[in-house]
Amino acid sequence: MASPTPVPGVLEIQPYVGGRSAAPGAARVFKLSSNESPLGASPKAVAAFGKAAEKLHAYPEGSSAVLREAVAELYGLNPDRIVCGNGSDELLHLIAQCYCRPGDEVLFSEHGFLVYPIAARAASAIPVTAPETNLTASVDALIARLTPKTRIVFVANPNNPTGTYLSVGEIRRLHAALSPETVLVLDAAYAEYVRRNDYESGIELVATSENVVMTRTLSKVYGLAALRVGWAFCPEGIASVLNRTRGPFNVSIPAQLAGAAALRDTAFTEAAVAHNSKWLAYLAGEIARLGLRVTAGVGNFVLVHFEPAPSKRSAPAADAFLMERGLIVRGVANYGLPDALRISVGTEEANRLLVAALEDFVAQTAS
Ligand SMILES: *Cc1c(COP(=O)(O)O)cnc(C)c1O
């Protein structure tokens, strides 16, 4: 018997594969494969989550008011323009679902986040990629691929897995080239980490346009990946569309309460950002010192470049070597980067072990 036929595009989806979390045989494991926060979540968020256990029988408040209030306070935004999601992934999918007609195009850069082609295909749209320059999205290349069918342009800023970013001027130049019928989605999952004067997460552009959405997550610097909390800042028209189509209770109460507490604990967030800045610089400097090429980026991870297989010093060889020491990192061949590994900033102990392991790997593979 044949299986029922899904809508066009669905069977072309390569399912998303998350970072590994087990290192068989290793005595201790350091997960540096999913850009999670090495400091965990704020104790205040953990306490709020625990308290929520007392009322598990009650449906959530449907608009995520508690969470939207906390976001609005922190950034000075109108809470009516904020739409929350079960992770920002849900919001990326929702945007594609709401704006793509079958055969429309969804544009993003060559090494863009892999959720974008999935969201596009799930909405029966066609993913289109634009080449990058030095592992950085090229606004010129994106503009060159705009067509009357381009319905959405996704830009992860900074991008995962490259860690590179576009300046506010470049984002504005891209926006200026779009038709008013094209939605620009600025996926700012790593915005809190960025310390660059020419970077903006997109709040200003959303506030002054009808076709720009910025998405954010509590999975990274806030350390709440397990809870699935994301939010989008939208123009009124887009917020209204997303609110019609999202699940009526799409963010659970434990997630809303823990998320709001995490957002309000700004001292904890600052400590997490300071930890990241210090150890990102350490990893970039030390890995370069070993003679490996590293793209440090501005997020909470580095991209380390190895030699093409079958060299002894290939990315798969390094991956296996690190895995034996319990250091789990991310292969990014599925991003078109078969010779690189993405490594998240970890605890001090994990970062030092990682550098020591790479040093041994380099020594053992010297020709
Ligand atoms: C981690 C990440 C997200 C966040 O996803 P959640 O569903 O909120 O956990 C979004 N975009 C990019 C580029 C990411 O790397």
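The first residue in the sequence is number 1, and the count goes up from there. Start at 1 and go down the list; that is how both ligands and their atoms are numbered.
Backbone and side-chain nitrogen or oxygen atoms of N86 are examined, and none is located within less than 3.5 angstrom of a nitrogen or oxygen of ligand 1. For ligand 1, the polar-atom distance check against D89 finds a nitrogen or oxygen pair separated by under 3.5 Å.
Set against the non-hydrogen atoms of N160, the atoms of ligand 1 under 4.0 Å away are 13 (C), 14 (C), 15 (O). Residue contact check: Y190 has heavy atoms under 4.0 Å from atoms 1 (C), 14 (C), 15 (O) of ligand 1. Within ligand 1, the atoms closer than 4.0 Å to a non-hydrogen atom of A189 are 2 (C), 3 (C), 10 (C), 11 (N), 12 (C), 14 (C), numbered from 1 in the order shown. Listed by number with element, the atoms of ligand 1 under 4.0 Å from a non-hydrogen atom of T217 are 4 (C), 6 (P), 8 (O), 9 (O).
Note on L77: it clusters hydrophobically with V229, by side-chain heavy-atom contacts below 4.5 Å among ILVMFWY residues.
The closest approach between any non-hydrogen atom of R228 and ligand 1 is below 4.0 Å. At least one heavy atom of G87 sits closer than 4.0 Å to an atom of ligand 1.
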Show me the donor-acceptor pairs, under 3.5 Å and distance only, between side chains in residues 80-95 and residues at least two apart or in other chains.
residue: E90; atom: OE1; partner: N86; partner atom: N; Å: 2.6
residue: E90; atom: OE1; partner: N250; partner atom: ND2; Å: 3.1

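Note on ring orientation: taking the six-membered ring where Trp is involved, the planes of W231 and Y75 are tilted (angle from 30° to 60°).
The side-chain contact (heavy atoms from CB on, under 4.5 Å) test with Y199 singles out one residue from I171, L166, N157, and that residue is N157.
Of all non-hydrogen atoms in G259 and L67, the two that sit nearest each other are C-CD1, 3.8 Å.
In this structure, the separation between CD on E270 and CD on E192 is 12.0 Å, given to the nearest 0.5 Å.
Closest to atom 2 (C) of ligand 1 among all protein heavy atoms lies K220 NZ, 2.4 Å. Here the protein heavy atom with the shortest distance to atom 11 (N) of ligand 1 is D187 OD2, 2.7 Å. Of all protein heavy atoms, the one lying nearest to atom 9 (O) of ligand 1 is S219 OG, 2.6 Å.
Taking the charged nitrogens against the carboxylate oxygens, E286 and R352 have no contact shorter than 4.0 Å, which rules out a salt bridge.
Contacts between S88 and ligand 1, counted as non-hydrogen atom pairs separated by less than 4.0 Å, involve both the backbone and the side chain.
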